[in-house]
Amino acid sequence: QVQLVESGGGSVQAGGSLRLSCETSGLSNTCMAWFRQAPGKEREGVAAIYTGGGNKYYADSVKGRFTISKDSAKNKITLSLQMNSLKYEDTAMYYCAADPVGSGCGAMWHRRTFAYWGQGTQVTVSS
């Protein structure tokens, strides 16, 4: 049973920074991503990375402010999202997702069906 465990959410003032982490194990050649959903809004893909190397993808709304990265050690993967220059509109529940596709994420990663999801971690930015 694959589990994704997120951590690192919290409250911060606009302009501040937060770092989200997502830990999992037992996956390889996997597209991993961060999504977010604010109350009353549709879920939005934030950033994605392929564990086998290659491109990183970002939503236009976070480019230049957020950085996705991954660290693989033995059978464990830690996915991170460094969020800088946070804005009020970044307030949302953030979810980690994984899809063991065996190939890269692809430019349309935000539209694919991810197999595994974390429970979410809340990010609140005050203006």
Side-chain angles (χ1 to χ4, degrees):
Q1 182 75 11
V2 174
Q3 287 188 315
L4 304 178
V5 181
E6 300 115 330
S7 61
S11 297
V12 66
Q13 289 191 328
S17 298
L18 283 174
R19 186 177 181 88
L20 306 183
S21 294
C22 171
E23 292 189 351
T24 188
S25 60
L27 294 175
S28 62
N29 298 326
T30 297
C31 178
M32 297 194 72
W34 289 98
F35 287 80
R36 67 186 181 186
Q37 188 166 21
K41 294 188 176 181
E42 291 188 355
R43 188 174 62 196
E44 174 190 22
V46 176
I49 187 171
Y50 181 56
T51 62
N55 293 337
K56 300 177 183 180
Y57 300 89
Y58 296 94
D60 288 342
S61 58
V62 305
K63 280 181 182 176
R65 300 188 298 120
F66 290 11
T67 303
I68 190 170
S69 62
K70 53 90 178 174
D71 181 43
S72 301
K74 294 184 179 180
N75 197 35
K76 180 179 173 181
I77 298 173
T78 300
L79 180 72
S80 298
L81 185 69
Q82 178 65 42
M83 305 185 294
N84 298 328
S85 302
L86 282 161
K87 303 177 180 180
Y88 174 77
E89 49 266 39
D90 293 320
T91 297
M93 184 71 79
Y94 283 71
Y95 298 92
C96 173
D99 194 24
V101 295
S103 60
C105 292
M108 301 302 291
W109 62 271
H110 54 290
R111 292 185 179 272
R112 71 187 312 142
T113 299
F114 280 77
Y116 305 106
W117 291 84
Q119 80 285 355
T121 185
Q122 178 68 37
V123 171
T124 302
V125 184
S126 57
S127 58

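Predicted, not measured: the structure shown is a model, and the values here were computed from it.
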With E44 via salt bridge (charged side-chain N to carboxylate O under 4.0 Å, His left out) - residues at least two apart: R36

Do you know the tightest heavy-atom contact between G104 and R112? O-NH1, 3.9 Å

Listed partners of R43 passing side-chain hydrogen bond (donor to acceptor under 3.5 Å, both in side chains), at least two apart: none

Ignoring hydrogens, what is the shortest heavy-atom contact between C22 and M32? Give both atom names and the distance. SG-CE, 4.5 Å

From T51 atom OG1 to I77 atom CD1, the distance as rounded to the nearest 0.5 Å: 5.0 Å

Which distance, rounded to the nearest 0.5 Å, do you find between the CD of Q82 and the CG of L20? 9.0 Å

Report whether W34 and V125 are members of the same hydrophobic cluster (ILVMFWY, side-chain heavy atoms less than 4.5 Å apart, transitive linking). yes

Hey, any chance Y58 and M83 share a hydrophobic cluster, counting ILVMFWY side chains that come within less than 4.5 Å of each other, even indirectly? yes

Cluster overlap V62 with I68, hydrophobic side-chain contacts below 4.5 Å: yes

Between S127 and A14 the two heavy atoms that sit nearest each other are CA-CB, 4.3 Å

Could you measure the distance from the SG atom of C105 to the CG atom of N55? Nearest 0.5 Å is fine. 9.0 Å

When you compare the side chain of L18 with that of V123, does any pair of heavy atoms fall below 4.5 Å? yes

Parallel, tilted or perpendicular, judged at 30° and 60°: which one describes the rings of Y57 and W109? tilted

Sequence neighbours excluded - salt bridge (Lys or Arg N to Asp or Glu O under 4.0 Å) pairs with any residue from residues 67-84: E23-K76

Out of curiosity, K56 NZ to Y50 OH, how far, rounded to the nearest 0.5 Å? 15.5 Å

In Å and rounded to the nearest 0.5 Å, what is the OH to CD distance from Y94 to E6? 12.5 Å

Rounded distance [0.5 Å steps], CD in Q119 versus CE in M93: 9.0 Å

So for atom CD, which belongs to Q3, do other residues, nucleotides or ligands contribute more than 12 heavy atoms lying within a distance under 6.0 Å? no

Could you tell me whether the side chain of T30 and the main chain of S28 form a donor-acceptor pair under 3.5 Å? yes

Would you find a donor on one side and an acceptor on the other, under 3.5 Å apart, between the side chain of S21 and the backbone of S80? no

All heavy atoms of A47 vs all of L81, minimum pair found to be CB-CD1, 4.2 Å

Shortest non-hydrogen contact between S17 and S85, atoms and distance: OG-N, 4.4 Å

At their closest point, which heavy atom of L79 faces which heavy atom of C96, and how far apart are they? CD2-SG, 3.9 Å

May I have the step-by-step check of side chain to side chain contact (heavy atoms under 4.5 Å, CB included) for Y116 and L27, ending in yes or no? CA-CA 11 Å; Y116 305 106; L27 294 175; 4.3 Å; yes

Using a strict cut-off of less than 4.0 Å between a Lys/Arg side-chain nitrogen and an Asp/Glu carboxylate oxygen, indicate whether K87 and D90 qualify as a salt bridge. no

Could you label the plane-to-plane angle of the F114 and F35 rings as parallel, tilted or perpendicular, counting under 30° as parallel and over 60° as perpendicular? perpendicular

